[in-house]
Amino acid sequence: MADSPKYKRVMLKVSGEALMGSREYGLDPETVQQIAGDVRDVSRMGVEVCLVVGGGNIFRGLAGAAAGMERSTADYMGMLATVINALALQNALEKLDVDTRVLSAIPMATVAEPYIRRRAVRHMEKGRVVIFGAGTGNPFFTTDTAAALRASEMNCDILLKGTKVDGVYDADPVSVPDAKRYDCLTYMQVLTQDLGVMDHSAISLARENSIPIAVFSIYQQGAFADVLRGNGRYTIVQHDCA
Ligand SMILES: Nc1ncnc2c1ncn2[C@@H]1O[C@H](COP(=O)(O)OP(=O)(O)O)[C@@H](O)[C@H]1O
Ligand SMILES: O=c1ccn([C@@H]2O[C@H](COP(=O)(O)OP(=O)(O)O)[C@@H](O)[C@H]2O)c(=O)[nH]1
């Protein structure tokens, strides 16, 4: 009998940028397929999986605001971008026979269910993968914070951030090649050392709800399942690193 998974219910945050693969914009079908395969493998471990997907591959509110747009309007455009990504991920998962639901924080009944907490929980209890679209539904937030919020509402056991790097470093490894990767950091260390891999409101929300965060590379095929087994390269952020 395979060991029962350490985590019963997990949140995976995938940025829009991660869906681009090597492209400059939009969605790379092979990358979306690879990520969907990793999610399928975790779901088949008997773990309940929910996701928050970003929209930075299509539009970010800050960019719109910098171009002179009203920030709230620009943020709503960014939230709509996350729904496009959510539908792409749903399509890829369903092609792999994974039952999936998209629940949007902005009501748009034609393409997604409205986000209702109890419905999201019920879907996961039935073994369906739930993808949360439109982030928190509020401007001035990001999908990192949306992931911490939904993970808190869903009573997830862990929040995983699948991103372009394989953990949290003492500096941005993209710009500082000899940056040192941490295996474990406390929430307060990430906040006080201003380590940039996830926005501080997300770190703080996870800390308040004692939800550990695992940062790993989503481009490493199979890494999602490996992290849940305690294997592979990732940084865990939690209360203590003793
Ligand atoms: N201390 C750090 N450790 C790791 N990554 C960092 C750090 N500081 C900045 N980064 C950058 O943060 C990026 C991940 O954050 P972000 O771009 O917001 O992720 P995503 O787009 O996946 O949400 C990494 O690609 C890395 O370049
Ligand atoms: O709760 C939210 C989540 C997202 N956004 C907007 O949607 C954009 C895309 O989300 P994000 O930048 O977090 O995507 P990622 O960086 O993960 O690709 C953000 O820049 C914001 O403009 C927002 O206003 N509120």
Identify whether [X] and [Y] are in the same connected component of the hydrophobic contact network (ILVMFWY, side-chain heavy atoms under 4.5 Å).
X    : Y    : value
L80  : L103 : no
L12  : V197 : no
M198 : V165 : yes
Y169 : L195 : no
I236 : L160 : yes

Greater than 12 external heavy atoms within 6.0 Å of E125's CD: yes

Using the test side-chain contact (heavy atoms from CB on, under 4.5 Å), find all partners of [X] that sit at least two apart in sequence or belong to another chain.
X    : answer
S104 : V83, I106, M108, A112, A134
N91  : K95
A92  : V32, Q33, A36

Distance-only donor-acceptor pairs under 3.5 Å for side chains of residues 41-69, two or more places apart:
residue	atom	partner	partner atom	Å
E48	OE1	R9	NE	2.6
E48	OE1	R9	NH2	2.8
E48	OE2	K8	NZ	3.1
N57	OD1	N85	ND2	2.7
N57	ND2	G26	O	3.0
N57	ND2	N85	OD1	3.0
R60	NH1	E17	OE2	3.0
R60	NH2	E17	OE2	2.7

Kindly state each residue pair satisfying disulfide (SG to SG under 2.5 Å) with at least one member in [range], sequence neighbours excluded.
range            : answer
residues 109-204 : C184-C241
residues 72-133  : none
residues 57-118  : none

Listed partners of H200 passing ring pair (Phe, Tyr, Trp, His ring centres under 6.0 Å), at least two apart: none

Could you give the distance from [atom1] ([X]) to [atom2] ([Y]), rounded to the nearest 0.5 Å?
X    : Y    : atom1 : atom2 : value
T100 : L93  : OG1   : CG    : 4.0 Å
D38  : I218 : CG    : CD1   : 6.0 Å
Q238 : I213 : CD    : CD1   : 10.0 Å
D99  : L96  : CG    : CG    : 12.0 Å
T142 : M79  : OG1   : CE    : 11.0 Å
L89  : I131 : CG    : CD1   : 4.5 Å

Report all side-chain donor-acceptor pairs from residues 174-182 shorter than 3.5 Å, counting only partners two or more places apart or in another chain.
residue	atom	partner	partner atom	Å
S175	OG	D172	O	3.3
R181	NH1	Y234	O	3.0
R181	NH2	D183	OD1	3.3

Residues in salt bridge (charged side-chain N to carboxylate O under 4.0 Å, His left out) contact with D144, at least two apart in sequence or another chain: K13, K161

CA sep, side-chain torsions, deciding dist, call: V121, R118, side chain to side chain contact (heavy atoms under 4.5 Å, CB included): CA-CA 5 Å; V121 171; R118 289 175 185 279; 5.7 Å; no

Heavy-atom closest contact ([X] atom, [Y] atom, distance):
X    : Y    : result
A120 : V130 : O-CG2, 3.8 Å
S217 : A223 : O-CB, 3.7 Å
A105 : R150 : CB-NH2, 3.6 Å

Worked check of side chain to side chain donor-acceptor pair (under 3.5 Å) between T186 and D240: CA-CA 6 Å; T186 67; D240 302 303; over 6 Å; no

Charged N-O contact under 4.0 Å between R117 and E153: no

Derivation and outcome, side chain to side chain contact (heavy atoms under 4.5 Å, CB included), residues K6 and L228: CA-CA 7 Å; K6 181 178 172 187; L228 293 179; over 6 Å; no

Distance-only side-chain donor-acceptor flag, D199 / T145, under 3.5 Å: yes

Modelled atom types, side-chain donor and acceptor of N209 and S152, under 3.5 Å: yes

Cluster companions of L149 among Ile, Leu, Val, Met, Phe, Trp, Tyr (side-chain spacing under 4.5 Å): L205

Main-chain N/O of V168 paired to T235 side chain as donor or acceptor, under 3.5 Å: yes

N/O donor-acceptor pair under 3.5 Å between R233 side chain and F216 backbone: no

Derivation and outcome, side chain to side chain contact (heavy atoms under 4.5 Å, CB included), residues K126 and R122: CA-CA 6 Å; K126 292 182 178 177; R122 195 78 193 99; 3.8 Å; yes

Test log, rule side chain to side chain contact (heavy atoms under 4.5 Å, CB included), inputs V111 and V102: CA-CA 8 Å; V111 298; V102 174; over 6 Å; no

Close side-chain approach of M20 and S15, heavy atoms under 4.5 Å: no

Side chains of R119 and R101 in contact at under 4.5 Å (non-hydrogen atoms): no

Parallel, tilted or perpendicular: rings of H239 and Y187 (30°, 60°): perpendicular

Summary of ring-ring contact (aromatic ring centres under 6.0 Å, His included) pairs that have at least one residue in residues 109-162, sequence neighbours excluded: Y115-F132

